[in-house]
2 protein chains.
Amino acid sequence: MSEQKTNSDTRDRILDVAERLFMENGYEATSMRMITGAAEVNLAAVNYHFGSKEALLREVFRRRLGWLNQNRLQALDRLEEQAGGGPLKPSQILEAFFGTLLRMGEDKALGGMTFLRLLGRTLTEPAEFIRTFFAGEYAEVIDRYKQALYRALPDVPQAEIVWRLHFMLGAMSYAIAGTDVLRVVTGVEVGDLAGERPVPDDDTILARRLAQRLMPFLLGGLRAPLPQFDEPAGSQKKELPTKAARESRTQI
Amino acid sequence: MSEQKTNSDTRDRILDVAERLFMENGYEATSMRMITGAAEVNLAAVNYHFGSKEALLREVFRRRLGWLNQNRLQALDRLEEQAGGGPLKPSQILEAFFGTLLRMGEDKALGGMTFLRLLGRTLTEPAEFIRTFFAGEYAEVIDRYKQALYRALPDVPQAEIVWRLHFMLGAMSYAIAGTDVLRVVTGVEVGDLAGERPVPDDDTILARRLAQRLMPFLLGGLRAPLPQFDEPAGSQKKELPTKAARESRTQI
DNA sequence: CTAACATTAAAACGAACGTTTGAACGAACG
DNA sequence: CGTTCGTTCAAACGTTCGTTTTAATGTTAG
């Protein structure tokens, strides 16, 4: 779906270019002159339209995360409504959370894989203003999904669920960032598929493949057997933080 | 003969401080003046001892990754020897790969959690010289472990294994980076445990907890049911070795 | 002691950074 | 027409960046 972006507008051109360059180089390594140069606008345009470089980055994310998290909440609303008060299946919850995100990767109007990669790389940036911003943007969504998972997995300690949500976010972030040592893999995958028929788009294929591979992995991790704690026998562990810290390596 | 007398003071102090500051601020946002100032050495000392800022970062990693990947290889050697030519268990492989890393987090002499966090955050940095460096440092280890996993999971398509190795690396990187929206979790965990007895160290506890929680998750993800491919044409996408295509790409 | 070498010190380099300024432009409107 | 107002422009601001230079200071061996 060819979307006619109003690229004639200075403001949008800056946002689009900044999104790409921040993804390619990171925030610090991307200068205002690189952005305004590539967008073919005046150097002062960023400060005029957004106020500062930090505010520009925030706006780059806001226009995408707004849509994303809103749709995540709606997806959860829909599921809970059709469940009629009962708990959801973990797979449904993961599909709503991660599927909504990964579907952005297939839609260029929503930023496509460019935004997904930017998001994955920025989530680990240590800059304080970035962390603060993300914390605010994600607060409600994370809380809602955490509650949903608590209800979906009543026998799993809540602390354990939070850890695993943490791990799932990491697996996804890293995978969509796609900067790592295994990068070639995706190339192979896409290459294998390329000659079959009229390809929609390399990034679109990648996004679909990624979703297809990632979701079973996440679900398997989420539902993995719990680590063994030394506890009084027959205890019905609720949320209680386990007392004994095991020195021994986990026997998996 | 000559000892390492020359590397005694200034050089090591720079490395220690750089490790911490790169972790806290990222590579680009950490200036030479911040490093030399905190290390209480002259500004020119970095260029004298290491040549450049890039070379400094490489050396920060080299002194840790050398130990890490060497021990990873040794651990794998040991397992394969005692298996006498047979395949290893996936849990053994993961323990060797991730356990070796996570044990660094408990040992201050090996960099402790500071280095682990730095590693997790740097793995997603887009700078070319960083990616190139990591690719070289990890090449042998990744290849060896990939082969071990292929043999341990003969019924799983190799491409799928690589994807999941990818996901596992992500879950671990993100978890040890510890910058994300769920950051509070670790604080709660550590706090719950703190008053118990003479605490080894907050970071040590965190490293142990992390290993204990992460390993079952990774194993669950690795062994999750395979995704079903709903390919329109043919659909007998059994995904056997696909020999030619696989060898066509050079591994990292 | 002296010569040679390795390290540290202070100062400066040019380049690039994010941001600000003040003028110029162009459409809108009375 | 003149005025206003949102936007764009070229130029410069002061600061900080990584690196280099040159001299001073140990340190070691002949």
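Below, all heavy atoms of this structure are taken into account, side chains as well, without hydrogens, waters or symmetry copies. Remember, predicted model here, so these are calculated numbers, not experimental data. Protein chains get the first letters and strands the later ones, always in sequence-line order, with residue 1 at the start of each.
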Complementary nucleotide of C:dA12, counting Watson-Crick and G-U pairs under 3.5 Å: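 Per the H-bond distance test, D:dT19.
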Complementary nucleotide for C:dG30 - Watson-Crick or wobble, under 3.5 Å: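 C:dG30 is paired with D:dC1.
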Any ion pair linking A:Arg103 and A:Glu95 (charged N to carboxylate O, less than 4.0 Å)? yes
Could you check whether B:Glu24 pairs with B:Arg20 (Lys NZ or Arg NE/NH1/NH2 to Asp/Glu carboxylate O, under 4.0 Å)? yes
Out of the candidates A:Thr10, A:Val41, A:Leu56, only one should pair with A:Val46 under the side chain to side chain contact (heavy atoms under 4.5 Å, CB included) rule; please name it.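 So the option named by the test is A:Leu56.
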Hey, can you pull the donor-acceptor pairs under 3.5 Å for the side chains in residues 65-73 of chain A, sequence neighbours left out?
| residue | atom | partner | partner atom | Å |
| --- | --- | --- | --- | --- |
| A:Asn69 | OD1 | A:Arg72 | NH1 | 3.1 |
| A:Asn69 | ND2 | A:Glu137 | O | 3.2 |
| A:Asn71 | ND2 | A:Trp67 | O | 2.8 |
| A:Arg72 | NE | A:Phe97 | O | 3.0 |
| A:Arg72 | NH2 | A:Phe97 | O | 3.4 |

Which residues within residues 44-57 of chain A lie with some heavy atom under 4.0 Å of an atom in DNA chain C?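 Residues of residues 44-57 of chain A under 4.0 Å from DNA chain C: A:Ala44, A:Asn47, A:Ser52, A:Lys53.
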Here the residues of residues 16-31 of chain B within 4.0 Å heavy-atom distance, strictly under, of DNA chain C are none
For A:Glu140, look at atom CD and say whether over 12 heavy atoms of other residues, nucleotides or ligands are found less than 6.0 Å away.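 Counting other residues, nucleotides and ligands, CD of A:Glu140 stays at 12 neighbours or fewer.
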C:dT8 phosphate, OP1 or OP2, under 4.0 Å from B:Thr10 side-chain N/O: yes
With respect to the phosphate group of C:dT7, does any side-chain polar atom (N or O) of B:Asn42 fall under 4.0 Å of OP1 or OP2?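 No, outside the criterion.
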Is the shortest heavy-atom distance from the side chain of A:Met168 to the side chain of A:Phe217 under 4.5 Å? no
What about the rings of B:Tyr27 and B:Phe129, do their centers lie closer together than 6.0 Å?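 So the answer is yes for these two rings.
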Using ring centroids (six-membered ring only for Trp), state whether A:Tyr174 and B:Phe167 fall under 6.0 Å.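 No: the rings miss the under 6.0 Å criterion.
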